Structures are given as structure tokens and as C-alpha cells.
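Bear in mind that the values here come from a model prediction, so they are computed numbers and not experimental data.
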Amino acid sequence: MVTRQSQLFIPTLRADPADAEAVSHKLLVRGGYIRQVSAGVWTFLPLGWRVHQKVVQIIREEMNAIGGQEMLMPVLTPFELWQQSGRDYIAEIFRLQDRNGREYVLPMTHEETVTFHAKEIASYRQLPQILYHFSIKERDEPRSRGGLLRLREFIMKDAYSFDRDEAGLDESFRKNERAYHNMLERLEIEFHYVDAESGMMGGKESKDFLAPAASGENTLVTCEQCDYAADLEIATGIPRSPDFPASLDRPEDVETPGVTTIEALADFLRVDAAATSKAMPVVKPDGTLVLGLVRGDDRLEEAKMATALGSDFRPATDDEIREAFGADGGSLGPVGFSGEIVADETLHDGQFVAGANRTGWHLKGVQAGRDFEPRFADLRQPREGDRCPRCGGALHFQTAIEIGHIFKFGARYSEPFGATFLDEDGKEKPLVGGSYGIGPARVMAAVVEQHHDERGIVWPSSIAPYEIHVLALHGGSEEVLAIAEAVADDFSGTGRDVLLDDRDERPGEKFADADLIGAPLRVTVGRKSLEDDSVDLRTRAAAEDDRVGVRDVPKWVSER
RNA sequence: CGGGGCGUAGCUCAGCCUGGUAGAGCGCCCGCUUUGGGAGCGGGAGGUCGUGGGUUCAGAUCCCGCCGCCCCGACCA
């Protein structure tokens with residue numbers, strides 16, 4: 001069936017929408033793929049939904065190929081399930097009540113629900129299992145953004161594996177890992193498979209699939225020499241060594257009036273900023289104040305700090321700082337502080353300048369282990385100029401979109417839910433699980449970010465809404481239109497998705513819309529070439545016409 | 001939640017500072033001409049100026065509240 005553009009709802013826009021920033025946001029809106037309903041809430045128009053469905057189908061095929069079983073779990077979920085898992089505190093979950101006051105959540109993930117069902121697995125003979133579904137997720141995002149990049153409502157494929165032990169989980173994990181690699185290759189996404197934070201999901205092995213893109217929200221760290229790759233939040237880098245001044249036998253006071261920043265301090269004392277330390281007082285949820293210490297030229301990575309503390313934290317307020325240190329922020333240091341101190345590894349050796357806990361004063365020659373006793377942890381955020389922790393090569397930083405996340409959650413959910421099975425040895429054991437998510441909408445955004453030019457989208461044929469776009473430049477000629485229809489029919493007879501632009505519009509407009517919509521192949525049927533019994537063919541990527549005899553069109557197309 | 005910006009026709013915007021009967025371009029409808037990179041001419045439709053209140057003879061314009069959207073930060077599979 002040839003689809004006639006004259007009858008479709010494809011509202012293309014000549015100008016960029018005023019509120020768009022990201023390329024994928026602009027092009028998907030301009031191309032008539034998506035429209036916004038409210039912040040982070042979008043409609044997929046017919047064209048957008050076709051792409052979404054194609055992405056879904058590829059994901060589905062790869063999940064089925066590893067033995068995944070598709071099902072569908074509800075969006076509306078009793079709040080008790082989330083209380084049972086202990087995730088009821090999460091601020092991002094939407095909550096609501098029915099008319100009788102019964103409480104529900106609109107969840108952003110389905111570990112609770114799937115584990116509720118997994119309670120029916122009674123024997124090791126029924127394991128392993130891989131269950132998945134595509135369903136609508138809701139997240140009360142404090143801040144959605146960028147078209148499809150960060151949504152409050154979206155469809156996600158989430159899969160869950162259940163195994164009898166860690167070894168089994170590992171095998172299931174590898175299967176899903178492989179499925180993800182296969183699907184992303186078919187989607188023609190450039191991606192990196194990296195170590196990641198498991199975040200609020202709670203898990204052990206945690207991996208991200210990051211697609212480099214200008215408007216990504218994650219930062220991907222890669223090595224220019226070896227295959228080291230990690231999300232910035234957990235990446236490690238080796239910084240340059242500081243240029244230390246002469247060592248001192250004991251810390252020495254130095255007056256630093258009005259000096260509150262590291263740059264000013266380094267400048268004032270004429271020392272390398274890397275030979276100073278920076279104090280970050282934070283407060284844990286239980287109210288304990290902990291001092292984080294990093295090198296003066298480094299930034300504290302908050303995800304790492306949270307890992308080191310084993311809990312959330314917030315920056316201490318000015319009042320808390322004054323009470324605990326007797327000094328203002330800007331003059332804080334570890335010497336004399338009685339609470340817990342967590343110091344970055346870079347402070348292990350050498351003597352650093354530190355705040356003196358006396359406003360307007362610093363200490364020179366402060367040495368860990370001699371002048372204060374910290375716990376060491378990796379706290380610093382890597383940055384440009386660092387070397388690779390594996391091979392010493394240069395590290396490269398780029399923004400990226402997190403399109404998939406897979407992680408092991410072990411017995412995190414099966415224990416509170418009592419989802420146990422009887423093992424071969426006659427013992428009752430909790431199911432060992434893993435979770436595997438990917439968002440088709442983010443995939444679409446990532447593909448557009450990676451495949452576009454100044455005129456529009458350049459879809460890979462695997463997910464293009466239509467593979468072939470036939471433009472009829474009939475200009476009132478029934479004859480030209482008839483030939484265009486015949487050409488379109490031929491393609492569609494070979495099982496291709498064909499869009500025929502039979503609209504009564506001028507050529508320029510058809511070309512512009514075709515470029516914007518981005519079908520991989522374009523056939524232009526017009527008087528000009530028909531004089532030689534030919535049509536003009538081009539790939540969207542190359543954007544240059546080949547004049548081909550009407551009879552040779554199928555051959556030309558099959559060669560692309 | 002903190003900071004910044006914006007809200008006027010379907011879209012992109014001007015008008016607001018300095019109050020006086022709401023505009024442009026594109027799009028849309030009709031007619032004629034035109035037809036290989038967003039055409040030309042003629043005619044036409046379309047707006048509670050986000051919303052509520054206040055000041056004023058008079059408010060898109062000034063003042064106050066609220067709502068919505070975007071960006072940065074916080075936060076975040």
C-alpha cells in the first residue's frame with residue numbers, strides 16, 4: 001500500500017519552534033513527528049509513532065532472540081507494593097488516590113510489580129526467566145527538557161531476569177547485554193557501554209549505554225588509547241602531580257585576608273593550585289556533619305561522595321559551618337576538625353595548603369596521617385588533562401544521552417516480597433534478579449542527534465517512518481502523477497514502506513519537506529527527467545541526484 | 001526548589017519603555033497565473049493580547065497576585 005501524503009497529518013513547520021534548543025527537539029517538531037502537550041508530556045503524531053513502533057519492534061525481536069517473554073503490567077499500581085520494597089520515599093513517583101482513598105502510584109519502573117508476579121515461581125526447575133514489557137512510565141521530573149530527551153511520561157521497555165544464583169544472574173545479564181548491543185547496532189546508534197551508577201534502583205553491577213550527542217545530559221569519559229569508557233559520575237582519571245613547595249615539619253599559619261577562593265589563594269601564596277586542598281562540609285540525612293576534602297584544583301563528584309558516605313547528603317549551611325568550624329566557608333580545613341573526614345586519594349601523599357578554621361587564615365604544609373586522620377576514597381571528578389587509569393592515555397570528554405541502563409539487583413526485591421523458590425538442595429532461596437531498561441523515545445532523539453544535517457533528519461532505514469519518498473512533481477499533469485504512482489506501487493510491491501508526495505504543492509516545498517522528514521531514499525518524478533524516460537534518485541545522506549531510467553529504478557534501489 | 005527569560009493570529013515575531021479603537025511575515029480559504037529547491041497578483045477568514053485583580057476618562061502597554069512554557073543550577077532509570 002502506497003501512502004498518499006495528501007491525505008496524511010504531517011504538520012511540518014518552516015521555522016524552528018521558539019522553545020526548542022536541542023537539534024532532535026527542533027527537527028522532530030518541525031518534521032511533524034511530535035507535539036508537546038505540556039512540560040515533558042508529548043504526543044507522537046502519525047509519523048513519530050511509526051518510528052517509535054519500528055524502534056519497539058527491533059527491541060522486541062532482540063529480546064525475543066534471547067528468550068525474553070513479552071507481557072504487559074499495569075501503570076496503575078497499588079502503593080503498598082512500593083511500601084513493601086521500601087521505595088515509597090522516592091520523590092519522583094506520581095501518587096494518587098481513588099474515590100475510596102486507596103493509594104496508588106504511577107511508577108517509572110516495574111521491579112515491584114514483576115517481583116509480585118515472580119512469587120509464583122516455586123521451583124528451580126522454572127528458572128531462569130526473562131520477562132519484559134513495553135509500558136508507559138511516569139516520573140514526576142522536577143525538570144523535564146529537550147523534547148524527547150527527558151520526559152515526564154514515556155514508554156520504556158523494561159526487562160527483568162530471575163535466576164537461582166549469582167552465576168545464573170550473570171548469564172542472564174550477559175544475554176541482555178548482547179541483546180542491547182545487537183539492537184543498538186540495528187538502530188545505527190553510536191554508543192558506548194560503560195560502568196554506571198545504579199542510582200535509586202539499588203543494584204550491584206550497573207551499566208549504561210551512552211550515545212554521544214551534543215545535547216546529552218551525561219558526560220561520557222573515554223580513553224583515546226585503550227577501550228576505557230565510563231560515565232563521568234564514576235569515571236576515574238589520573239591528574240597531573242602537584243608542584244609542591246618545600247616540606248615543613250609542622251603546619252604553619254599564614255594570614256590570608258579576604259582570600260576565599262582557590263585561585264585567589266594560589267595566587268596570593270604563589271603556590272600551585274594543585275598543592276592546595278578544598279574542604280566541602282556536608283550533612284547526612286541523620287544530621288551528621290562530614291568534611292569532604294579534595295585537591296584545590298579538583299571538583300568533588302557528588303555521586304562518589306554519596307557512595308563514600310553510604311547515604312545522601314547536602315551541603316552544610318553557613319550557620320552549620322560556623323558552628324562546627326568556628327570559621328567561615330573559604331577558610332575551612334581538616335586540622336582540628338573533630339568529625340569524620342573523607343579525603344580524596346590525591347591527598348594521600350604530599351603537603352597541602354588548607355584552611356585554618358580561622359577566618360582569614362590558612363595552614364601551609366598540612367599532611368594527611370600526620371596532621372589529621374582521614375578516610376580515603378575516590379571523590380574527585382575527572383577532567384580534561386587527566387590520564388587514563390588503565391593505560392595512561394589521554395582522557396576524552398563528551399556529552400551523551402543515556403539510552404539504556406542494565407543492572408543486577410540480586411535479592412533486593414525478592415527478599416522484601418518473599419519471592420523465593422525451592423532449590424535442588426531442598427532449600428528455600430530468594431530469586432536473584434536483574435533489570436534491563438531502554439527508552440524508545442530517547443533512542444529516537446539520540447538517532448536524530450547523530451543523524452541529521454542542516455536541512456533535516458537523515459534516518460537509518462531500519463527505523464525511518466518510510467524507506468522511500470516518491471515526490472510527484474506533477475504540476476497539474478495527470479500523466480506525471482500516474483507515473484509517480486506506478487513507481488511508488490512498484491516499490492511497495494517489494495515490501496518497502498513508501499510515501500508518495502502527491503500533494504498539490506510546488507516542487508520547492510516538496511523538496512524541503514522531504515529533506516526535513518528524512519526518508520533514506522528519494523525518487524523525484526517530474527516532467528524534466530521523464531523526457532528521457534528517467535527519474536531522479538538520491539539518498540538522503542548523499543543528497544545528490546542520480547538520473548536513472550525508469551526501468552532501472554529497482555536495481556538502483558536494491559544496490560543501496 | 002533557587003536564578004534568568006518568555007507568554008500578542010495556526011507558526012515566527014513587532015507593538016509595551018513614553019496608556020488613546022491590535023500589527024507584520026509565513027501559513028490558511030477563494031479566483032487567476034505559475035510549477036525541478038519554500039512562486040506572483042487580486043480578494044478574504046482568523047486574536048477574551050496567559051489569567052485574576054488594581055490604578056485610570058481610557059490598559060496589550062503601568063502596579064500586584066496567580067498560572068503556563070523555556071534555559072541554567074539543584075535533582076535524576
A.B. asks: Below 3.5 Å, does any donor atom in the side chain of A:Arg538 face an acceptor in the base of B:G37, or the other way round?
C.D. replies: yes
A.B. asks: Mind checking whether A:His133 and A:Tyr160 have parallel, tilted or perpendicular rings, split at 30° and 60°?
C.D. replies: tilted
A.B. asks: For side chain to side chain contact (heavy atoms under 4.5 Å, CB included), just list the numbers for A:Ile438 and A:Met156, CA-CA rounded to whole Å, side-chain angles, deciding distance to a tenth of an Å, and then say yes or no.
C.D. replies: CA-CA 6 Å; A:Ile438 184 169; A:Met156 176 164 90; over 6 Å; no
A.B. asks: What is the per-nucleotide protein-contact pattern of nucleotides 24-35 of chain B, from the 5' end, where B denotes a base atom under 4.0 Å from a protein heavy atom, S denotes such proximity for sugar-phosphate atoms only, and - denotes neither?
C.D. replies: --SS------BB
A.B. asks: Name every residue in residues 172-180 of chain A that has at least one heavy atom under 4.0 Å from any atom of RNA chain B, in order of residue number, or write none if there are no such residues.
C.D. replies: none
A.B. asks: Heavy atoms only, 4.0 Å cut-off, all strands: where does A:Arg442 land among base, sugar-phosphate and nothing?
C.D. replies: nothing
A.B. asks: With sugar-phosphate meaning primed atoms plus P, OP1 and OP2, does A:Asp513 contact a base, only sugar-phosphate, or nothing at under 4.0 Å between heavy atoms?
C.D. replies: base
A.B. asks: Once the angle between the rings of A:Phe191 and A:Phe209 is folded into 0 to 90°, is it parallel (under 30°), tilted (30 to 60°) or perpendicular (over 60°)?
C.D. replies: tilted
A.B. asks: With a 3.5 Å cut-off and heavy atoms only, can you find an N or O donor on one side and an acceptor on the other between the side chain of A:Ser529 and the base of B:G36?
C.D. replies: yes
A.B. asks: Which part of the nucleic acid, if any, lies within reach of A:Gly146 when heavy atoms closer than 4.0 Å are counted: base, sugar-phosphate only, or nothing?
C.D. replies: sugar-phosphate
A.B. asks: Quick one: which of A:Arg383, A:Lys278, A:Arg380 gives a salt bridge (Lys or Arg N to Asp or Glu O under 4.0 Å) with A:Asp297?
C.D. replies: A:Arg383
A.B. asks: For A:Thr115, is there any backbone N or O sitting under 3.5 Å from a side-chain donor or acceptor partner on A:His117?
C.D. replies: no
